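This is a predicted model, so every value here is computed, not measured.
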Amino acid sequence: MKTLITTNLIKFTLVTILLTILFRIGLSTSIKNEMMIAVILSAIIYAISMWISGRYFGIKEFEYLPIYDIGFRFHLSTFIAHNLISILWFAFGFESKYENINVIYIIALIWSIFLIIHFVYYLSVRKSSIKNLDKEDLFE
């Protein structure tokens, strides 16, 4: 069976890392300069960019590996990349003086609850997740 860590997932994760770094730069700079409109725009642009990236690589992933995994692998990689970069952002001292790392921890905690719910759902539907594959194509 084809692997669950695919080139499309790796490319998506790399794009996620790049977008998250750009988001952190825009967010910290906006907060430092007390530009609330720029803070909001940074978040909106990041959300739209992530959606476009997820949609693009998700479609490519489904064409390559037609498994209905409800996007859990992409969700998990986004969670890890975003939170790791955000924590490292503070560890390396790139944050503005108005930012607090506790916000990162709270977001990660809330997000992890949704990730766990997503994982439970993923486990419940994975038995019927192979779409449009012949039995001969399951094993190479």
Side-chain angles (χ1 to χ4, degrees):
M1 186 172 184
K2 295 179 181 176
T3 181
L4 293 178
I5 298 176
T6 61
T7 56
N8 289 315
L9 182 62
I10 292 169
K11 289 176 184 177
F12 170 77
T13 304
L14 293 174
V15 169
T16 298
I17 289 169
L18 176 66
L19 289 173
T20 303
I21 290 170
L22 293 173
F23 168 67
R24 294 298 318 171
I25 291 169
L27 185 68
S28 292
T29 303
S30 301
I31 291 172
K32 178 182 176 185
N33 295 324
E34 300 179 17
M35 300 168 55
M36 289 310 294
I37 298 295
V39 169
I40 293 167
L41 281 175
S42 294
I44 290 171
I45 291 169
Y46 178 63
I48 292 170
S49 300
M50 287 298 296
W51 184 83
I52 291 169
S53 173
R55 178 120 172 107
Y56 175 78
F57 287 109
I59 289 170
K60 288 181 73 75
E61 181 73 1
F62 185 76
E63 291 168 357
Y64 171 74
L65 185 66
I67 292 179
Y68 179 66
D69 75 345
I70 61 169
F72 178 74
R73 294 174 301 123
F74 284 75
H75 188 180
L76 179 62
S77 67
T78 304
F79 175 83
I80 292 169
H82 177 86
N83 289 305
L84 183 63
I85 288 168
S86 294
I87 290 170
L88 289 175
W89 193 260
F90 279 83
F92 291 128
F94 294 140
E95 78 280 4
S96 101
K97 65 181 180 180
Y98 302 111
E99 290 180 274
N100 187 336
I101 196 159
N102 289 331
V103 173
I104 302 300
Y105 297 146
I106 292 168
I107 289 170
L109 178 66
I110 294 168
W111 193 348
S112 65
I113 292 167
F114 287 104
L115 188 65
I116 290 168
I117 292 168
H118 195 169
F119 181 65
V120 169
Y121 182 67
Y122 166 73
L123 289 178
S124 71
V125 299
R126 75 178 175 165
K127 296 287 185 203
S128 61
S129 66
I130 300 174
K131 300 280 188 186
N132 303 320
L133 284 180
D134 294 330
K135 290 179 183 177
E136 293 82 33
D137 292 336
L138 291 177
F139 300 98
E140 296 178 309

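Checked by atom type and distance alone, the side chain of Ser86 never pairs as donor or acceptor with a backbone atom of Asn83 at under 3.5 Å. The main-chain N or O of Gly26 is never found under 3.5 Å from a side-chain atom of Thr29 such that the two would form a donor-acceptor pair. Proximity of a side-chain donor or acceptor of Ser53 to a complementary backbone N or O of Met50 within less than 3.5 Å is not detected.
No continuous path of hydrophobic side-chain contacts links Ile80 to Phe114 [ILVMFWY only; heavy atoms under 4.5 Å]. Residue Ile59 is not grouped with residue Ile52 when hydrophobic side chains (ILVMFWY) are merged at heavy-atom distances under 4.5 angstrom, including chains of intermediate members. When the side chains of ILVMFWY residues are joined at heavy-atom separations under 4.5 Å, either directly or via intervening members, Ile106 and Ile117 end up in two distinct hydrophobic clusters. Taken together through direct or relayed side-chain contacts under 4.5 Å among Ile, Leu, Val, Met, Phe, Trp and Tyr, Leu22 and Leu84 form parts of separate hydrophobic clusters.
Residues Trp111 and Thr78 meet the side-chain proximity criterion, which asks for heavy atoms closer than 4.5 Å.
Interatomic distance, CG of Leu115 versus CG of Leu76, reported as 5.5 Å (0.5 Å rounding). Taking OH from Tyr105 and CD1 from Ile110, the interatomic distance works out to 15.5 Å, rounded to the nearest 0.5 Å. Note that NE2 of His75 and CZ of Arg73 are 14.0 Å apart. Values are rounded to the nearest 0.5 Å. With rounding to the nearest 0.5 angstrom, the CD1 atom of Ile48 is 9.5 Å from the CG atom of Leu41. Considering NZ of Lys32 and CG of Leu27, their distance stands at 13.5 Å, rounded to 0.5 Å.
Between Phe92 and Phe94, the angle of the ring planes lies from 30° to 60°, which puts this pair in the tilted group.
A side-chain hydrogen bond (donor to acceptor under 3.5 Å, both in side chains) check over residues 34-52, counting only residues at least two apart or in different chains, returns the pairs Thr20-Tyr46, Glu34-Tyr98, Tyr46-His82.
Phe90 approaches Ile104 most closely through the heavy-atom pair CE1-CG1, 3.5 Å. Smallest separation of non-hydrogen atoms from Asn8 and Tyr64: ND2-CB, 3.9 Å. The two residues Trp89 and Ser28 have their closest heavy-atom pair at NE1-OG, 2.9 Å.
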For residues 10-18, please give each side-chain donor-acceptor pair under 3.5 Å, one per line with the distance, not counting sequence neighbours.
from: Thr13; atom 1: OG1; to: Leu9; atom 2: O; distance (Å): 2.8
from: Thr16; atom 1: OG1; to: Phe12; atom 2: O; distance (Å): 2.8

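No more than 12 heavy atoms of other residues, nucleotides or ligands shown are found within 6.0 angstrom of CD1 on Ile37.
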